[in-house]
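Contents: one structure, followed by commentary.
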Amino acid sequence: MNLRLTNTLTGRAEPFVPLEPGRVGMYSCGPTVYAPAHVGNFRSFLFADLLRRYLAWQGLAVTWVMNITDVDDKIIRDARREGVEIGELTARYTALFLEDAQRLRMTPPDVMPRATEHVTDMVALIEQLLARGHAYRTGDGSIFFRIASWPGYGRLARLDPTQQRVGERVESDEYDKDDVRDFAVWKGPREGEPSWETAIGPGRPGWHVECSAMSMRYLGPTFDIHTGGVDLVFPHHEDEIAQSEAATGQPFVRTWLHCAHLQMGGEKMAKRTGNIERPADVYARGYSPRALRYALIAAQYRAPLEFGDESLRAAASAVERLATVLAALDAYRADAAPDATLPALLEETRGRFVDALDDDLNVSPALAAVFDLVRELNRRIDARALSTEDAATAAAFLRDLDRVLGIMEEEAEGLEAELEAMLEERAAARARRDWATSDRLRDELAGRGVLIEDTRDGQRWRRVVEAQRG
RNA sequence: GGCGACGUACCCAAGUGGUUAAGGGGGAGGUCUGCAAAACCUCUAUUCAGCGGUUCGAAUCCGCUCGUCGCCUCCA
């Protein structure tokens with residue numbers, strides 16, 4: 001394994017060496033469940049998924065943890081607005097997130113800890129901070145991390161704490177703290193807000209402390225990889241490092257990975273500005289989850305990626321091309337001698353694929369290798385140059401690469417009996433060269449969303465989910 | 001103001017010192033096919049924001065200029 005990853009901590013691509021040979025502990029900042037996640041959020045989750053899949057494909061035992069933030073200011077605000085308990089709101093959006101993630105074929109994380117179920121872990125961490133003098137209480141029962149007590153602060157974000165701009169933010173801050181830069185690890189109880197009775201008093205956890213407590217709970221005080229969007233570098237991850245290392249006295253995360261923003265119209269996709277699109281919006285316009293996944297993972301994670309109808313349309317076509325060659329390989333039957341050059345072709349493709357992904361998860365050249373292979377396979381299919389066995393080998397090879405990509409096929413799905421019967425009827429009509437009946441059935445099936453293609457290996461069908469027009 | 005990323009064809013996007021500047025999409029023409037679709041073939045950047053410099057040689061290194069985006073505050 002020659003994987004190199006760009007560590008935000010150093011700003012450079014470094015060889016990835018797991019703490020424990022053969023095993024990888026990886027944590028990804030997950031969603032705050034007060035609204036549906038947008039596709040920009042999913043870029044970040046799917047980038048982590050791609051990494052997870054690649055590591056696993058390379059034979060590493062990965063433990064992937066993704067948190068669900070189910071208590072925070074916005075959740076409280078929105079629940080109050082709706083007049084429901086926060087648990088009702090978060091259950092709703094957690095379910096939606098899981099459904100969206102599944103449709104996008106995000107590998108289910110090994111652990112998806114919820115903040116509200118780990119308050120004890122957070123309290124224990126805060127107690128450590130208090131004991132070591134890195135945190136202090138304020139009059140309202142809140143507890144703040146004292147940045148002045150942590151000299152390494154600002155290292156991840158390369159921010160000089162003394163040069164931080166402090167302005168309006170200071171006045172608007174609702175809590176009373178010693179230093180404006182200090183951040184809350186614990187928020188004192190307030191009327192109408194959820195509160196936990198704990199060893200450090202009543203209240204609720206701050207946002208940053210949640211990720212520290214839960215990641216270390218499942219991965220230990222020091223673990224391999226932590227991912228998130230670039231917008232989390234500061235202050236979220238910076239704060240995580242400070243409080244985690246201050247509490248344990250040990251290094252926290254070895255490799256920090258941050259993916260660039262998804263852009264729409266040249267600007268960051270962000271809920272705040274309303275410049276967002278959600279998976280449901282994309283599907284409503286006729287694009288499949290597979291096309292969306294492709295659009296989100298097809299560029300290297302550190303580069304900003306332009307998202308929109310153009311990219312979705314391109315993704316839909318690309319994904320169709322992959323599905324088509326697999327269908328053709330599956331249907332292929334020929335009394336031909338084995339193709340002597342096929343093994344070398346597959347080997348070369350695999351080499352290019354691995355080299356590209358090893359290079360900081362550079363998917364573009366990896367996909368280029370796949371598409372070069374697809375063209376070559378189509379050529380050989382057309383020329384009937386493969387044996388039946390070759391076709392099966394090539395299909396299995398592509399499906400193996402797809403364990404990393406997750407873009408090639410829809411979930412296995414059958415056809416309704418009625419449509420199945422129409423297919424058989426059409427095959428019979430074709431056998432007697434009854435073109436009129438054949439064409440009529442093809443039109444009818446098309447109307448039902450099933451596209452027919454006639455090939456030397458017989459008729460082939462596939463469902464049409466992608467929009468023909470945007 | 002501080003920190004960082006980036007500007008490659010009609011669109012998306014690789015390439016970061018050396019033969020013909022990946023790949024996907026789109027477009028044009030052609031082949032195959034009962035038709036359709038798919039597939040295949042050919043073409044679609046003598047040029048990499050601009051200007052200087054280093055070098056035998058630069059899209060790739062250096063400098064300047066212009067432009068874009070992000071972070072510094074809740075944010076994937």
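Here the structure is a predicted model, which means the values were calculated and not measured. All values below were derived from every heavy atom in this structure, side-chain atoms included, with hydrogens, water molecules and symmetry-related copies excluded. Throughout, a chain's letter reflects where its sequence line sits, starting with A, and its residues are numbered from 1.
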What pair of heavy atoms forms the shortest contact from A:Ala369 to A:Phe353, and how long is it? CB-N, 4.2 Å

What interatomic distance, in whole Å, is found between P of B:A49 and the corresponding atom of B:C11? 14 Å

Phosphate OP1/OP2 of B:G26: any A:Ser317 side-chain N/O under 4.0 Å: yes

Any A:Phe97 side-chain heavy atom under 4.5 Å of A:Asn41 side chain: no

Would you say the side chain of A:Asp402 lies within less than 4.5 Å of the side chain of A:Leu322, judging by non-hydrogen atoms? no

Just how far, in rounded Å, is C1' of B:A38 from CH2 of A:Trp461? 16 Å

Find which nucleotide of RNA chain B each of A:Ala369 and A:Leu451 is nearest to by heavy atoms, and output the residue with the more 5' nucleotide. A:Ala369

What about A:Lys268: does its side chain form a donor-acceptor pair under 3.5 Å with the base of B:C69? no

Centroid under 5.5 Å and tilt under 30°, A:Trp435 to B:G34: yes

On a whole-Å scale, what distance lies between the C1' atoms belonging to B:C41 and B:G52? 45 Å

At less than 4.0 Å, is any side-chain N or O atom of A:Arg375 found next to OP1 or OP2 of B:G24? Yes or no. yes

So which nucleotide does B:C6 pair with, by the Watson-Crick or G-U wobble rule with both distances under 3.5 Å? B:G67

Tell whether A:Arg43 reaches the base of B:A76 with its side chain through a donor-acceptor pair below 3.5 angstrom. no

Taking side chain as C-beta onward, heavy atoms only, is A:Pro279 less than 4.5 Å from A:Arg103? no

For the base of B:G34, is there a side-chain donor-acceptor partner from A:Arg430 under 3.5 Å away? yes

Specify the separation, in whole Å, of atom CD of A:Glu453 and atom C1' of B:A38. 4 Å

Nucleotide B:U16, atom P - distance to CG of A:Asp359 in whole Å: 8 Å

Whole-Å distance between B:G27 P and A:Glu310 CD? 11 Å

Indicate whether OP1 or OP2 belonging to B:A13 is found under 4.0 Å from a side-chain N or O atom of A:Asn362. no

From CG of A:Asp231 over to P of B:C69, roughly how many Å is that when rounded to an integer? 17 Å

Of the listed nucleotides (B:G34, B:C40, B:A14), which one gets closest to any side-chain atom of A:Asp382? B:C40

Is it the case that the base of B:G34 and the side chain of A:Asp439 share a donor-acceptor contact (distance under 3.5 Å, atom types as modelled)? yes

Rounded distance in Å - CZ (A:Arg302) to C1' (B:A76): 17 Å

For RNA chain B, whose closest nucleotide is more 5', that of A:Arg158 or that of A:Glu306? A:Arg158

Any idea which of B:C35, B:G24, B:A14 is nearest the A:Phe371 side chain? B:G24

Without decimals, in angstroms, what is the distance between A:Glu238 CD and B:U73 P? 12 Å

Taking only the side-chain nitrogens and oxygens of A:Arg432, find out if one of them lies under 4.0 Å from OP1 or OP2 of B:G34. no

Rounded to whole Å, CG of A:Asp372 lies from C1' of B:A14 at a distance of 12 Å

What about A:Arg313: does its side chain form a donor-acceptor pair under 3.5 Å with the base of B:C11? no

Is there a side-chain contact between A:Asn378 and the phosphate of B:A39, meaning an N or O under 4.0 Å from OP1 or OP2? no

The side chain of A:Arg321 lies closest to which of these nucleotides: B:C69, B:C40, B:A14? B:C40

